[in-house]
Amino acid sequence: MTITLRRPPWSLLPLFALILLDVVSADTPLIDFDRMGTVGLVGAFAGLELFNSSSSSVSFDPSTSTVLSRSPDGSLTRIASTNKGGTVSAGCAIGSTYYIAGNFSSIDNTAAPNVASYDASSHTFSALGTGGPNGPANALFCDSTHNKLWVGGQFTSPASAVAVWDVKASSWSAPPFGGLVGSAAEVFSITTNSSQASLFFAGSFVATFQGSASALNTTNNPNVPFSQGATPFSSSLVPIPLESAQIQGSPSTSDPSFSNIQNILCPSGNDGPGQTWFAEDGNGAQITARTFQWISANGVRLGNTFLDGRGTTAFTVTSIPDNTVQQLHFVDPATGQNQTCTTNCPLSTNSGIPYQDFTFNNAVSLTGVQVTLSAWQGAGPGLHIFQLLSSGAFASAIGSQNGVSCFAPAPSNTSFTDTWTELDANTNIPGTTQSILVSTVDVGTSPANGPSFTWMPYVSASGRYDVNLLVPGCTDFQDCALRTSVEVTVFPGGGQAPTVTTISQQNQNDAVQPIYSGPVVPSSPDFVTTITMTLADKPAGNGQNGKYRLVADRVQLILTSANTTGTVVNGTGTAAGGRSAFGFLEWPFSLSSNVSVATGLPNTTETFLDTVGFSLFNGLGGNTSISAASVAAVAHHPSGAIFIGGTFNLGTPSTSNIVVFKNGALTALSGRGLNGPVTSLVLDGDTLFVGGSFTDTPANSTQGRLSGVASYDVAHDQWSPLLAGVNGPVKSLGIENDQLAIAGNFSILRNAPGSNTGLESSGLALWNVTGRGWVNNGGFLVGSLTFIGNGTTPAKGQQQSQIIAGNIANSLTYGASGFVLLKNGDNGQPAVTPLTVQLDSDVVTTSVATNARRRNNYRRSAGSWFSRHVKIRQLFKRQSSTSLAPLPASPPAPAPAVLAGTFWTNTTSTEQVAIIGGNFTFTDGNTSSAGLAVYNPSTGALTALQGQTINGTVRTLLVQDTQLFVGGEFTITGTDVAGFAIYDLVHNSWVSSGVQALQGTSGASVVVRSLSASAAKTNTIIVAGSFAQAGSLPCRAICAWDVREQQWNALGSGIQGDIASVAYAGSNQDVLVAGGSITISGSSSDNVLQFTFNNASWSTLGDGANLPGPVTAITVNDGNSSSIFAAGRSVDGSSSYLVTWNGHVWTSQGSAFGGSSVVSQLTMVPLQNEHQARGAIEGDRMLLMSGNLVDTSFGQASSVLFDGQDFIPYIDSSTSSGDPGTVSGLFNSLANFSFAHRKFLATGVVILISIAIAAGIVFLLVLLGIFWTLFSRRDEVLSKFDPADIGEDDDSAQHRPSSLLAHINAATRTTILGTQSPFHNVGTEKEHPTTADADASNTGHDPLLGPDASNYLRAETPSEAFVGALASEEAGPGRLTHARYSFDGKGEGELPLTIGQELEILDDRDHSWWYARDTRAGNEGVVPAAYVY
């Protein structure tokens, strides 16, 4: 789990992510952790956070109720607090508004009695109008669909115990049922059922239902249009869907508007075209319907046509496949009398009778019917309605057979668990098949773990029904050996208990098995009759190959009586009188009528699940025994089971505090419930998590391991502990992302029943559901919680946040057991990764401290408190004594504490792990380990080192190659190890041979505080701390271990005292700098000494008198021996100090820290952005001081940054009890890294510079090309020059035929494209015209000496000619000329000429060269102007 500190994008995060405060001050320096490699931070803390500029305190008033936001990564942020004595009990969201309820008068200093809203746009709390609950509110339900807020509690206004806030109308009102009654009516929970169609109210109240003889359904099926030709009985029969059946009407009319027989199965309009079928005029007809499967039918419904005076007057019904003419019963609509007929039954021609129902003597199993229309009026017979009536209701296991019946709002339906496969069997009826579903299960499987199948038939009307299960014979399917018995449960509704019947499926032939007979409630949005089949408790038969087969076919409900005036059966099975429900009420959203619980709810508002309340009332013994009982929580399982938790003891069934309602009755859970009150329930699949004040079941079935929280397996009826629970009551549960969040008043996650030892966790704990173990909850708090719930709905791509509330004394952003990893996060802010597991301790925790800790986010200026011109010795008078002052005690490290760490990369797996040490215990599998652990950041696993466990505390760690060096104050059982040990990481064992133990002085314990290595001394480990010798070798406080020789060596002549910290100076770490309470001579305290490896000698570092007392931490600034920092405590222990060494003198860096301050580590850290260099610290780094620091300017801090002038509080931490924590320091994977920043110009500047350079290069190339051209042409002209050839009037001897741009084109083309130089012919002779040619021209002179051709320079490229051609609009092509002389045209772009050749002049603007085209060949080029005429 990685936690990144950053300001969230407001548009993306849910509401309570919007109010997350920026936990790092805007001016807090950004440490460049990534430059240091992998970075760990260790200490004695249970929680930490970076200093927050927006808050001046991490403490809260525990007498108030504080609301916190818990982000998806677990970090905590304060939102608001109530008035003193206030409590927060519930919360939920509608849109971007979050509602909070409890018992308070104000929240966030806003007057809001008991219920308040938080507005996301203004970030403020508001009261909800006036007239709201006038007492404590315990429960909220946010109905986003209807924009209603339901509130439950103990109040009388606007109604008793329940109130409704209309979000749109901004007004309060009573609920539709008028509130709840009772001597002290109170609602503790409002939840929704599993389909979110109704609300469950739970608490301590009584709801009364009227006990009159009102019927569940007072009319015939209201979905069926009324007709005098039907009876209530026939109207209650659900028509069989025939859309997929084969329907034929013959002979049929040729009129296409009336020829489709399908139109009359369920017409959507009145008698007319497209809604009616006509037979052929003048002929009788037959309508045949074949389903090709067995169905149970009880009649037909026929509606006549009255169009054009035609219609059917007589008919006969024959069943298929037995071809039996059925006797029909009907009501004569004219007389209202019951009639019977067999053949030529009359069909009314009265247009006021839309249809008539004709029923059989009994329900008949058939595959189809044939209706013969034997008589008619008008032109011929016809029908408007034709339907086949079922025997009542039905449902098939094959989903495709459950079509929507005519007039029905929905089809019958099914559901199942496990795998079911469709099988077909042939019947003795041609073309007919029998399809079923089957499921196999291992012999010995319990019914709860086996397959189940549920039919949900659509029942159109109430009445008495015989319900049958159709079981196909095993002979047709050849599976008799696989068959067994099943248990079938029928839920008929109406407050009746379900019936459970065991049915054998081993019948060889098809069988109809009765499973229920009695009243059945019609289907509605709130109730559907269900028939569920499972494996029997004691299955019949032995199965085949270790398997049973369960068969699912059809269920049929045969209506036996449609008596709609009979009495209603109540929850106890007796005739209804007044009925009372206790502690539970279901209210469907669809019910909107205003009724009153006080005067009795009408029967029409009763639902099947209200039986829960009736049963609780009866089980508690009625009105005289309910005063001390209550229901606090309800959970609805998808199977239909409802779990009820609270404070009660039932007589029937015998159970306490938790019970389940299933199969229509209350049923005890394993162990007869729980032995204490239940306050919270939450379901995760088939696992029910329970919270409350209990320790076990009344039967003590878990030996006391269900302390405060428990897990219940719904399928197996079995309790499981969460290890050993918690040591206090649990108030609220929430589940998200496979993690169970537990809130309450506890401080320990118990490791044994009744024990007060275990993981420390105050008020909030997190349980990994899949991994079945406690995990780090991400945040840290001290106190007790009363509520946890989800925040607003997250935006796309975001995870769900949570809201917690309670009486909190202390809270920090991150919860961590002494160790976190740090790296650069978004926008440079630190990303914090705590341990994903929690470390343990054997320390018995005491009561939680509630004293406030003041903390301010101020920079403390070093210069503002202390003048640098005042000498240190004048402020800190040292005691003149030959005895050394004792080294200050290390900061407290109550377990669990991590005090040291190191990184190691396994060369085999190339995976980097962190090895941590300290004062802690943890469990690795079934093995308990202490003091040392290996943490794998990639997997989050924490594992123990093999071998003996450390007894004591580890304070320092170092890895060299494959050896781990461990220092501290500890022993190892079975060895003489004292404070120093070596572990072989390859062979996973302690190195015991050849390592002589360290020994203390005068019986004192050995304490190793520093393990280090110098590049100047290879194969050597420097061990420093408090000891006198290593084996027989005297080496007080510091000794060198030779890794290769396996022996101890003293450093020089040795020193006296105790060392707390070691650092190295020099480019090759050739100088060791040690700090502590140490001296060379023993006559005075030096406190800081240096050891030079080159000459193996010790020396002092400045005047020890300038140091106020022993040094506890020392560091060298990037190896610079003239920049050393030391921190320690004054001799009298009254204050702590920080000093720097500049190569000559020690200088104070400000006033002393508070007397209780202890500096554990000094280290230079690189920065992402530079700051102004101040004092002894460069601008690219800062000094990180870690420990436990107290100062009047910033209060308490565990880590402080020093920039050379100001002290900037950086990290605050806390122990599990709320006391100030301690940071022992940082450790990182890179031994050497650079502080210097690489200077990069802005992208825009880089682009501009690049363009300028490119342009300069191009210009240079062009310039070179121009010069090349000019000088080459000059040489060519000089080589041809003859003064006798120059005429006096020639002014163009050096004239180029092209512009400067043409020169550039030629030069650039040659230079850039790499073509041959245009001047490659310079110095060669041009071909001159022959004498004969000259004579033939009759010009009388040499053309080369003419005014236009003397010493010409050729155009080098065609583009040169084009330059002129495109520059003027006056030049026009098309003038024909001829060549006066021959011309070789060898130059680039030139056109060769022969005498007399016809040319077309395209451009003649240049007086020396023209651009021409050969009219015959089409070639183009430049020619000398003097060569054409």
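All heavy atoms count here, side chains included; hydrogens, waters and symmetry mates do not.
Atom CD1 of Ile644 is separated from atom CG of Asn657 by 13.0 Å, given to the nearest 0.5 angstrom. Between the OG1 atom of Thr647 and the CZ atom of Phe188 there is a distance of 8.0 Å, given to the nearest 0.5 Å. The OG atom of Ser762 sits 8.0 Å away from the CZ atom of Phe746 when rounded to the nearest 0.5 Å. Taking OG1 of Thr64 as the start and CD1 of Ile808 as the end, the distance is 8.5 Å to the nearest 0.5 Å. Rounding to the nearest 0.5 angstrom, the gap separating the OG atom in Ser707 from the CG atom in Leu722 is 11.0 Å. The structure places CG of Leu688 at 5.0 Å from CG of Leu683, a figure rounded to the nearest 0.5 Å.
Within the structure, every pair that satisfies the side-chain hydrogen bond (donor to acceptor under 3.5 Å, both in side chains) test and touches residues 152-165, not counting sequence neighbours, is listed here: Asn134-Thr156. Applying the disulfide bond (SG atoms under 2.5 Å apart) test to residues at least two apart or on different chains, the pairs with a partner in residues 80-113 are Cys92-Cys142. For the side-chain hydrogen bond (donor to acceptor under 3.5 Å, both in side chains) condition, the pairs that include at least one residue of residues 103-112, sequence neighbours left out, are Asn83-Ser105. Each salt bridge (Lys or Arg N to Asp or Glu O under 4.0 Å) pair with one or both residues in residues 81-92, not counting sequence neighbours, appears once here: Asp61-Lys84. Within the structure, side-chain hydrogen bond (donor to acceptor under 3.5 Å, both in side chains) pairs that include any residue of residues 140-152 comprise Asp143-His146 (at least two apart or interchain).
Residues Phe643 and Tyr712 meet the side-chain proximity criterion, which asks for heavy atoms closer than 4.5 Å. The side-chain heavy atoms of Phe201 and Trp587, taken from C-beta on, include a pair separated by under 4.5 Å. By the 4.5 Å heavy-atom criterion applied to side chains, Val634 and Val612 are not counted as neighbours. Side-chain contact check for Phe787 versus Ser89: every heavy-atom pair is 4.5 Å or farther apart. Side-chain contact check for Ile735 versus Val769: some heavy-atom pair is nearer than 4.5 Å. The side-chain heavy atoms of Glu736 and Asn790, taken from C-beta on, include a pair separated by under 4.5 Å. By the 4.5 Å heavy-atom criterion applied to side chains, Val167 and Ile94 are counted as neighbours. Within the 4.5 Å cutoff, no side-chain heavy atoms of Leu766 are placed close to those of Leu740.
Side chains of Ser126 and Ser117: a donor-acceptor N/O pair is absent below 3.5 angstrom, by distance only. In this model, no donor atom of one side chain and acceptor atom of the other lie less than 3.5 Å apart for Ser204 and Ser630.
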Exercise. Report the C-alpha separation of Ile803 and Leu68 in whole Å, then their side-chain angles, then the decisive distance to 0.1 Å, and conclude whether the side-chain contact (heavy atoms from CB on, under 4.5 Å) test is met.
Key: CA-CA 6 Å; Ile803 306 302; Leu68 300 173; over 6 Å; no

Quiz item: Given Tyr118 and Phe125, is the ring pair (Phe, Tyr, Trp, His ring centres under 6.0 Å) satisfied, shown in steps?
Solution: CA-CA 5 Å; Tyr118 185 85; Phe125 283 88; 4.8 Å; yes

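Residue Arg78 comes nearest to Thr66 through the heavy atom pair CG-CG2, 4.1 Å, listed as atom of the first residue, atom of the second, then distance. Between Tyr98 and Ala93, the closest heavy-atom pair is CD1-CB, 3.7 Å. Contact detail for Phe582 and Val206: the closest heavy-atom pair is CD1-CG2, 4.3 Å. Contact between Ser580 and Thr208 at its shortest, heavy atoms only, is OG-OG1, 3.9 Å. The shortest heavy-atom contact between Gly708 and Val726 is CA-CG2, 4.3 Å. Counting all heavy atoms, side chain and backbone alike, Ala629 lies closest to Leu620 at CB-CD1, 3.9 Å.
Proximity of a side-chain donor or acceptor of Asp610 to a complementary backbone N or O of Glu586 within less than 3.5 Å is detected. For Asn727 (side chain) and Ser747 (main-chain N/O), a donor-acceptor pair under 3.5 Å exists by modelled atom type. With Thr786 contributing its side chain and Val88 its backbone, the two residues share a donor-acceptor pair below 3.5 Å. With hydrogens and angles ignored, the 3.5 Å screen pairs no side-chain donor or acceptor of Thr87 with any backbone N or O of Gly102.
Taking Thr679 as the reference, nothing meets the side chain to side chain contact (heavy atoms under 4.5 Å, CB included) condition, with sequence neighbours excluded. Partners of Ala139 under the side chain to side chain contact (heavy atoms under 4.5 Å, CB included) rule, at least two apart in sequence or in another chain, are Ile190. Taking the side-chain hydrogen bond (donor to acceptor under 3.5 Å, both in side chains) definition, one finds that Asn138 meets it with Glu186, sequence neighbours left out. When the side chain to side chain contact (heavy atoms under 4.5 Å, CB included) test is applied to Thr1215, the partners found at least two apart in sequence or on another chain are Pro894, Ser1217, Asp1219. For Ala137, the side chain to side chain contact (heavy atoms under 4.5 Å, CB included) partners at least two apart in sequence or on another chain are Ala101, Val115, Val151. Scanning for ring-ring contact (aromatic ring centres under 6.0 Å, His included) contacts around Phe200 gives Phe584, His636, with sequence neighbours left out.
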When the side chains of residues 170-179 are checked against the rest of the protein, which donor-acceptor pairs come out under 3.5 Å, sequence neighbours left out?
unit_1	atom_1	unit_2	atom_2	d
Trp172	NE1	Leu128	O	2.6

